[in-house]
Amino acid sequence: MHDWLLELNAQQQAAVTARPGPVLVMAGPGSGKTRVLTYRVAWLLAEGHARPWNVLAVTFTNKAAREMAERLDALLGTRTRGLTVSTFHAFCARTLRREAQFLPFTASFVIADEDDQRRLLRHIIRQELQLDDKVYRVPAVRSAISRAKNEGHTPETFPRASYRDEVVAKIYARYQQHLAEANLLDFDDLLLWAVRLFEEQPEVRARYQDLFRHLLVDEFQDTNAIQYRLVQLLGQAHRQVFVVGDMDQSIYRWRGADYRNLQRFEADFPDAEVIYLEENYRSTQNILDVAMAVLHVQPRRHRKNLRARRGSGPPVVVKQVFNEEAEAAFIAQTAVTLARQRGIPLDSMAVMYRTNAQSRPVEEELLRLGLPYRLVGAQRFYGRREIKDLVAFLRLAFNPDDVASLERVINVPPRSIGPRTWAALREQAAARGLSPGRALLDLAAHPEAWTAALSRRALKALFPVGEMLQAWHWRVGELSPAQMLDRIVADTGYEAFVRDRTEEGEARWENVQELRRLAVEYEDQGLAAFLERVALVSDQDTLQGQEQGLTLLTIHAAKGLEFRVVFLVGLVEGLLPHNRSIEDPDALAEEQRLLYVGITRARDYLFLLVPQYRLAYGGLDIVEPSRFLEPLAPPLTEGDWPRLFPHLARQLGVGERRSASGRAPARASRAASRPAPRRPRRARLRSGDRVIHPRWGEGVVLQVEVSAGDEIVEVRFEDGAVKMLLADFVQKL
DNA sequence: TTAGTATTAATTTTT
DNA sequence: TTAATACTAA
C-alpha cells in the first residue's frame, strides 16, 4: 500500500487499483477524474506493472499534460523518467517526424494553422477554381474539410450528396495537394496520418503497441472518430487502456468530438471494468443542485445524482444587471468584498464567459480599479499580427516551400508587391515546377533567368526578398531561433514598421520582444522545435503575466479547472445559448452542457449574471435572459427571479406593457428583409415625463436621446440617483 | 500596380 | 469594434 493512495476515497482507489486491463471510468465533475488517471499511472509504475517508457498518457490540452507530469514527479520523483504525457496532437506530430520514412512527406513538415488554411482555401476557391466565394465560403469549406478528415474521409471518399459536395470534394483534393507541395500538415492531418501510418504499416504499429502498452486517456468524451481509432490501434494488442470521461461535459462536438465514444469503448472492450465516480469533492450541494437542474431539462437523460461531500454552502446568486459594464462592476465589488470579509484570495476566483470578446468590459473595470487579473487565451498571443508575421518569416527560413507563410509576409513591410506581382510570381514559379518560395531563391541567385518571365518592376520588388530569404535559409542550421529572429527583424526593418510611435505600436513591439524571449528558451532545441511549439501550444497555456489575481477565461478553457468563486457572465439568449447554436437541437444541448461545465467549476460561491442590454457593434441591443436559467427559480437560487422572465411575470399579471408601444407594425414591415430586425423607434418619452422602473422606482425624465434605434432616457429617481436607461425598461406613469 | 482611404458587412468555442 | 472589400489617387 502506498501512502499516497490514502489521499483517495474508496471509489477512486478502486479505479486506480483496478486490475491491469481495459478500464472505463465514468465520472461526474469534481470527482477527481484527472487525479484518478494520474494516480493510476503512479500506481502502475510503483507496482511494477509498467516501465515509464511503456506508458502513454494523453490529455486534451498541453496545460493538463504539464500539470499531470508535475504531479507525477511530485509523487514518484525520478521514477517517472521516460514517461510520455502528451496531447493527441503533439504525440502524433512527434510520431510522424520519427516515422517520416514511411510517409509521403519529410520529417521537417510544418503545421498549418487556421490562418494558413484560410489562405490556401481562398486561393483555391477564387483563383484556381474561379468559384463564387459567397457561395463557397472559406470558413464553411474549411470546416467541411475538417469534419471530413475527422471522420476519416479522403477527397475520394468524401460523401457527395449534392453538387455542392462535388465541388467541396474538388476543393478538398486541391487543398491536400497544396499542403503536400508546401510540406504542410494541418491539425487534422496530424491525427489522420498517424492513424494511417498505424493502419498501413503493421510493423510500425506493432512497435508502438509494444512500446506504449499502457495507454491512458483523459476527457475521453472529447475524442473524435480519428482519436478513437488511434486509441483502438494502439490499445488493441495489450488492451491496457484506461480512459476517463463524462458525457455531460462533452462540449467539443463542433470539432468532431463524440461522447458516444464512451459507449463505443464499452462495446470494443467488453472485458473493460467500468467504474463510476459519483461523489463530488469540489462543490457545495447548492451548486450541484443548480448544475443538475440545468441538465435535467434534457429529456430522457439518465438522472444524474451529484452528491456533495462539502455541505450545502452559500446560495447560488442570480443577478440581473443593466449591461456588461454593470456586470463588471458587480464582479469587482463582490470579489473585493469576498476577499475582505471571507478572506478568499483573488486567485481562487474566476470570471467565465461564452466568447472571448466578453472579457473586455471586465478587464477594463479591473484595470480601472487596479485589481490584478490574468487573462487566459483571448487576445491570442500567437494570433497577433506581428507575431504571425514573424513566425511566418521563421517558417519560411526553415521551409521556403511554405506558400501560406510567403503569401502572408511577402509584402510585409510594404515593398510594392501587390496581388498582381504575387500572382505573376506564383504563375511563373508553377510554370517552372517550383514553389513560389523556391522561385524567389532562384530569382535571387539568377535574376537574369527571370527577366523574360516577370516585369522589370516586379523583378525589382521581388529580388531583395529573394536575397533575404536565401540568407536566412542558408543559416537555418547555424543560427539559434532567437538569432534568426533578430536577423529577420533587422533585415526586414520590422521594428520601424511596427513601432509607429503610437501606443499600439509600442504594444506590438513589446509582443515581438516577448516572442524573442520565448525563442531564447529554444536555444538548444532549434528552430523546428520552436515552430512546433508555436503551432501546437495554444495560448490557453500561456497565462498572461505572473501576476496573481482573478482569472478571466472562456468556459471552454475552464474545463478541468476549479475556483472557489465563479462569476458566469452574459447568461443571455444569443450568447449562451449562442446565436449560432439556437437552431440545431444538438448544438443547443451542447450549450446547455457548457453552462453545466461552467457551473460545476465553482467550489463555494457561484454568481450567474444576466445583463439586460448588450453592446453589439455600435448600439445597445436588448437581450433576453438565457432560457437555461428558467429552471433555476428559487429556492434553487437567490436573487432577481422572477423579474428575469417577463413572459412568466406576465402570466402573473405583472409588467404588461412591452407589446403596446407601437413597434409591432414597424417590426413586421422589416421582418421580411432582415431576420433579426433592429427596432426603429421615435422617442416615446419626453423630458418631464414621470416614469417607473421595476428596480429603481419612480422618477422624472431629464433627457431623451434616440441612437442606433434605441431610445435612451436620463432619469432622476426618487432617491436622487440619475441614471441613463433604455426606455424599454421604464414605464410611463 | 500599389497604397491609402471610404464603405460595408458580420461577429463561438480550440488542438 | 474589426475585417474585408471597393474605390481613388499617385
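What you see below is based on every heavy atom in this structure, not just the backbone, and it leaves out hydrogens, waters and symmetry mates. Reminder, nothing fancy here: chain letters follow the sequence lines and each chain counts from 1.
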Legend entry - Euclidean distance, atom NE2 of residue A:His556 to atom P of B:dT13 [Å, nearest integer]: 9 Å

Inset, instruction - Grab the OH-P distance between A:Tyr353 and B:dT12 for me, whole Å please. - result: 15 Å

Legend entry - Side-chain donor-acceptor contact under 3.5 Å, A:Gln221 with A:Glu219: yes

Heteroatom pairs (N/O) under 3.5 angstrom, protein to nucleotides 3-6 of chain C:
from: C:dT5; atom 1: OP1; to: A:Arg126; atom 2: NH1; distance (Å): 3.2
from: C:dT5; atom 1: OP2; to: A:Arg122; atom 2: NH1; distance (Å): 3.2

Inset, instruction - Tell me, with the steps shown, if A:Leu192 and A:Leu185 meet side chain to side chain contact (heavy atoms under 4.5 Å, CB included). - result: CA-CA 10 Å; A:Leu192 205 53; A:Leu185 296 185; over 6 Å; no

Inset, instruction - Report the relative orientation of the aromatic rings in A:Phe105 and A:Trp193; use parallel for angles under 30°, tilted for 30 to 60°, perpendicular for over 60°. - result: perpendicular

Legend entry - Nearest-angstrom distance from the residue atom CD1 of A:Ile251 to C1' of B:dT12: 12 Å

Inset, instruction - Please determine if a side-chain N or O atom of A:Thr554 lies less than 4.0 Å away from the OP1 or OP2 oxygen of B:dT14. - result: yes

Inset, instruction - May I ask you to check whether A:Phe398 and A:Phe530 place their ring centers less than 6.0 Å from one another? - result: no

Legend entry - Ionic contact status for A:Glu590 with A:Arg593, cut-off 4.0 Å: yes

Legend entry - A:Glu151 bridged to A:Arg147 by N-O distance under 4.0 Å: no

Inset, instruction - Please state whether the phosphate of B:dT14, meaning OP1 or OP2, lies under 4.0 angstrom from any side-chain nitrogen or oxygen of A:Asn356. - result: yes

Inset, instruction - Could you check how far CD of A:Gln358 sits from P of B:dT12, rounded to whole Å? - result: 11 Å

Inset, instruction - Please work out which residues in residues 574-584 of chain A have a non-hydrogen atom less than 4.0 Å from an atom of DNA chain B and list them by number. - result: A:His578, A:Arg580

Inset, instruction - Check step by step if side chain to side chain contact (heavy atoms under 4.5 Å, CB included) holds for A:Arg580 and A:Trp254. - result: CA-CA 11 Å; A:Arg580 309 272 276 224; A:Trp254 49 274; over 6 Å; no

Inset, instruction - Grab the CG-C1' distance between A:Asp218 and B:dT15 for me, whole Å please. - result: 15 Å

Legend entry - Residue pairs involving residues 184-196 of chain A (criterion salt bridge (charged side-chain N to carboxylate O under 4.0 Å, His left out); sequence neighbours excluded): A:Lys149-A:Asp186, A:Lys149-A:Asp189

Inset, instruction - Could you check how far CG of A:Leu553 sits from P of B:dT12, rounded to whole Å? - result: 18 Å

Legend entry - Under 3.5 Å donor-acceptor, A:Glu365 side chain and A:Val362 backbone: no

Legend entry - Modelled atom types, side-chain donor and acceptor of A:Arg264 and A:Asn261, under 3.5 Å: yes

Legend entry - Results of side-chain contact (heavy atoms from CB on, under 4.5 Å) for A:Arg119 - residues two or more places apart only: A:Asp115, A:Glu407, A:Arg408

Legend entry - Between B:dT15 (C1') and A:His89 (NE2): distance, integer Å: 4 Å

Inset, instruction - Assign each of A:Thr421 and A:Tyr252 to its nearest nucleotide of DNA chain B by heavy atoms, then name whichever residue's nucleotide is nearer the 5' end. - result: A:Thr421

Legend entry - Chi angles and distances behind the ring-ring contact (aromatic ring centres under 6.0 Å, His included) call for A:Tyr494, A:Phe497: CA-CA 5 Å; A:Tyr494 204 82; A:Phe497 173 61; 5.5 Å; yes

Legend entry - Residue among A:His123, A:Gln117, A:Arg142 satisfying side-chain hydrogen bond (donor to acceptor under 3.5 Å, both in side chains) with A:Tyr175: A:Gln117

At a cut-off of 3.5 Å, list every protein nitrogen or oxygen paired with a nitrogen or oxygen from nucleotides 7-10 of chain C, distance to 0.1 Å.
none

Inset, instruction - Considering only NZ, NE, NH1 and NH2 on the basic side and carboxylate oxygens on the acidic side, decide whether A:Arg360 and A:Glu324 come within less than 4.0 Å. - result: no

Inset, instruction - Using heavy atoms to find the nearest nucleotide of DNA chain B for A:Arg137 and A:Leu191 separately, return the residue whose nucleotide is more 5′. - result: A:Arg137

Legend entry - Rounded distance in Å - NZ (A:Lys559) to P (B:dT15): 11 Å

Legend entry - Proximity to the side chain of A:Trp254 - top-ranked nucleotide from B:dT12, B:dT14, B:dT1: B:dT14

Inset, instruction - For the residue pair A:Asn224 and A:Asn150, confirm or rule out a side-chain donor-acceptor distance under 3.5 Å. - result: yes

Legend entry - Candidates B:dT14, B:dT1, B:dT12 - which lies nearest the side chain of A:Arg420: B:dT1

What's touching nucleotides 3-6 of chain B from the protein side, N or O pairs under 3.5 Å?
from: B:dA3; atom 1: OP1; to: A:Ser416; atom 2: N; distance (Å): 3.0
from: B:dA3; atom 1: OP2; to: A:Asn411; atom 2: ND2; distance (Å): 3.3

Legend entry - Closest nucleotide among B:dT15, B:dT12, B:dT2 to the A:Pro419 side chain: B:dT2

Legend entry - Presence of donor-acceptor pair under 3.5 Å, side chain of A:Arg354 and base of B:dT13: yes

Legend entry - A:Phe88 ring over B:dT15 six-membered base ring, under 5.5 Å and 30°: no

